[in-house]
Amino acid sequence: MENFDNLGLAPILLQNLAGLGLIKPTPIQEQGIPHIVRGRDLLGLAQTGTGKTAAFGLPMLTRIIAYGKRPAPKTVRALVLAPTRELATQIHDNLAAFAKDAPVRIQRVVGGASINAQSEKLAKGTDVLIATPGRLLDLLERRALVLSETKYLVLDEADQMLDIGFIHALRRIAKLIPAERQTMLFSATMPKLMEELAQSYLTDPVRIEAAPPGKAADRIEQGVHFTTQGDKAALLAEYLSKHVDELSIVFSRTKHGADKLANLLEKWGFSVAAIHGNKSQNQRERALAAFRAGEIKVLIATDVAARGIDIPQVAFVYNYDLPNVPDNYVHRIGRTARAGRAGTAIAFCAPAEMDELKSIEKTMGQKIPVIGGEPHAAAEVARAAQQQPKQGRKPHRGQAGQGQRPPRAEGAASKPRAAKPAPKPQAKPADGGAARPRRRRPATAAAE
DNA sequence: AAAAAAC
């Protein structure tokens, strides 16, 4: 297949795709679109970055355009559910670009913004609604919309929707949609619970795998640097200093840890912003926009940004803390090496994180090359476990190392205090080095 | 056990 022309898509969409410079379909698009155009259910095993949004969006929009009727007041023709507000926004913006000048209403409803404004927008009826579950339920309870006319349901990042707190909302929402519908479910992994969900929500689905599930993209150079919790900040600063012009995402395990690290790096002179669930939606959007525009080079994030965020310029992903859910490692590093570009993922591993590292390597079915430090020996791991029980793996006072601010008392952050000097940009890396890992494979073109 | 998602 050479281009989008023969997949059965509406002419106006093809025109817009050309305008967007999208010529070649990705594998999941090429395989999935013809089936969805014909009305089949779809089970897609894929992360974002494989071209998922277009894979379901283009054929769904084609069907809606072909149907031709405008939606009745408060009805929704197609519902797309996403696990984070930012992802919902991104999907909305993509679909709106695909459907430019086409007679379809595409809207987004998410938390953190005025509900009345969203309520009013829904009154006229919507062709494609992209929503986060919580806000959608709220609007449903307020009778701001009805799902009785809904013919399409898309569950994006469905494996995250299985989490407690999401799954109940999901089931409540799904119950309101007529069974006679077309359902598309996308998931990066296929745990048992997901198989069950797929079984109950899909009818005779086409199953498509964009890449082997759970496997990191081949284009991403990966490396693990063994260090201690106390040395992580200085080590990160060293790495960042070497690539000050490139975009990096740094993942922290906790919201508090993300803020703390952001403050420290800011004092050291780095251009950073933090994004996590305790920030206002306005702050979240501003941080992401500034990062996307390259005004901010380093984004410190919790797992709110682990999935879906599509910023092609991201060259580095740092797992400052290893994720406690192994799958999230794969999602996190998938923020780089996008749109055919190269990308590097570097993980910091403290003694207390050896278990996490092992389960990540097991999940991926591959070892992460060591690029610095020495794997922590069992004795060291045991010592770490004793000093800081697994539950609260917070930096211990006695462990604050070079470059790490001593743990502050609550409120100290607001007090001005002498900034520690940033490690010199050309500082010689400690023990063997913060060297960029060697690329194991050349970057291949394609993808989005 | 943490983070996300509703006010």
Side-chain angles (χ1 to χ4, degrees), chain A residues 48 79-92 108-119 122 129-145 155-174 176 187-188 229 249-262 274-285 287-288 299-309 319-332 335 350 352-353 355-356 359-360 384-385 388-395:
Chain A
T48 10
L79 176 65
V80 181
L81 291 175
T84 67
R85 298 167 184 172
E86 283 74 15
L87 193 49
T89 301
Q90 193 173 275
I91 294 168
H92 169 273
R108 173 202 74 148
V109 296
V110 298
S114 155
I115 196 164
N116 288 336
Q118 295 178 359
S119 204
L122 294 170
L129 182 67
I130 302 99
T132 46
R135 176 52 63 96
L136 183 68
L137 279 176
D138 200 343
L139 286 160
L140 282 164
E141 278 162 15
R142 289 165 189 249
R143 307 254 184 271
L145 75 158
L155 303 179
D156 200 9
E157 306 287 354
D159 42 355
Q160 193 175 356
M161 302 273 198
L162 290 178
D163 274 14
I164 301 294
F166 269 134
I167 189 65
H168 298 296
L170 184 59
R171 289 195 201 280
R172 280 178 64 194
I173 293 165
L176 297 173
S187 178
Q229 195 61 36
I249 301 183
V250 179
F251 283 102
S252 159
R253 197 173 55 89
T254 63
K255 294 180 272 203
H256 178 68
D259 276 336
K260 217 170 100 176
L261 183 59
I275 184 168
H276 56 67
N278 277 1
K279 296 264 184 192
S280 72
Q281 193 52 28
N282 193 16
Q283 286 174 311
R284 282 166 64 161
E285 275 164 23
L288 204 58
L299 187 69
I300 318 283
T302 58
D303 278 329
V304 69
R307 292 164 183 256
I309 303 301
N319 276 287
Y320 187 83
D321 300 313
L322 291 183
N324 25 25
V325 179
D327 285 344
N328 275 356
Y329 175 84
V330 182
H331 293 297
R332 286 175 175 190
R335 296 316 101 220
E353 293 173 308
D355 285 349
E356 278 89 342
S359 31
I360 287 165
Q388 30 183 287
K390 205 84 181 174
Q391 283 180 307
R393 209 195 304 115
K394 286 178 186 159

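This is a predicted model, so every value here is computed, not measured. By convention in this document, chain letters (A, B, ...) are assigned in the order of the sequence lines, proteins followed by strands, and residues within each chain are numbered from 1.
Within the 4.0 angstrom heavy-atom criterion, no nucleotide atom of any strand lies near A:Arg142. Using a 4.0 Å heavy-atom cutoff across all strands shown, A:Gly165 reaches at least one base atom of the nucleic acid. Across all strands, A:Asn328 comes closer than 4.0 Å to no nucleic acid atom at all (heavy-atom distances).
Between A:Ile130 atom CD1 and B:dA5 atom C1' the separation is 17 Å, expressed in whole Å. Rounded to whole Å, the distance from CD1 on A:Ile309 to C1' on B:dA4 is 13 Å. Rounded to whole angstrom, the span from the CZ atom of A:Arg171 across to the C1' atom of B:dA5 amounts to 17 Å. As a whole-Å value, the separation of A:Arg253 CZ from B:dA4 P is 13 Å. Straight-line distance from the CG atom of A:Leu162 to the C1' atom of B:dA4: 14 Å, rounded to whole Å. Atom pair A:Gln118:CD and B:dA5:P shows a separation of 13 Å (rounding to whole Å applied). One can place CG of A:Leu81 at 15 Å from C1' of B:dA6, the figure rounded to the nearest angstrom. B:dA4 atom C1' lies 12 Å from atom CG of A:Leu87, rounded to whole Å.
For the side-chain hydrogen bond (donor to acceptor under 3.5 Å, both in side chains) test, residues two or more places apart in sequence or in another chain that qualify with A:Asn319 are A:Arg332.
At B:dA3, none of the side-chain N or O atoms of A:Arg332 fall inside 4.0 Å of OP1 or OP2 (strictly under the cut-off). Contact between the side-chain N/O atoms of A:Arg85 and the OP1/OP2 oxygens of B:dA6 is found at a separation under 4.0 Å. The side chain of A:Thr132 places an N or O atom within less than 4.0 Å of a non-bridging phosphate oxygen (OP1 or OP2) of B:dA6.
Panel note: side chain A:Glu356, backbone A:Leu322; no donor-acceptor pair is recorded below 3.5 Å.
The nucleotide whose nearest atom lies closest to any side-chain atom of A:Asp138 is, among B:dA4, B:dA2, B:dA6, B:dA6. Side-chain proximity of A:Glu141 to the nucleotides B:dA3, B:dA6, B:dA5 is greatest for B:dA6.
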Taking only distance into account, with no hydrogens and no angle test, what donor-acceptor pairs under 3.5 Å do side-chain atoms of residues 160-172 of chain A form with protein atoms, sequence neighbours excluded?
| from | atom 1 | to | atom 2 | distance (Å) |
| --- | --- | --- | --- | --- |
| A:Gln160 | OE1 | A:Arg307 | NE | 3.1 |
| A:Arg172 | NH2 | A:Glu141 | OE2 | 2.8 |

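Between A:Ile309 and A:Leu299 the shortest side-chain heavy-atom distance does not fall below 4.5 Å.
Remark: of the listed residues A:Asp303, A:Val304, A:Asn278, A:Asn278 is the sole one forming a side chain to side chain contact (heavy atoms under 4.5 Å, CB included) with A:Lys255.
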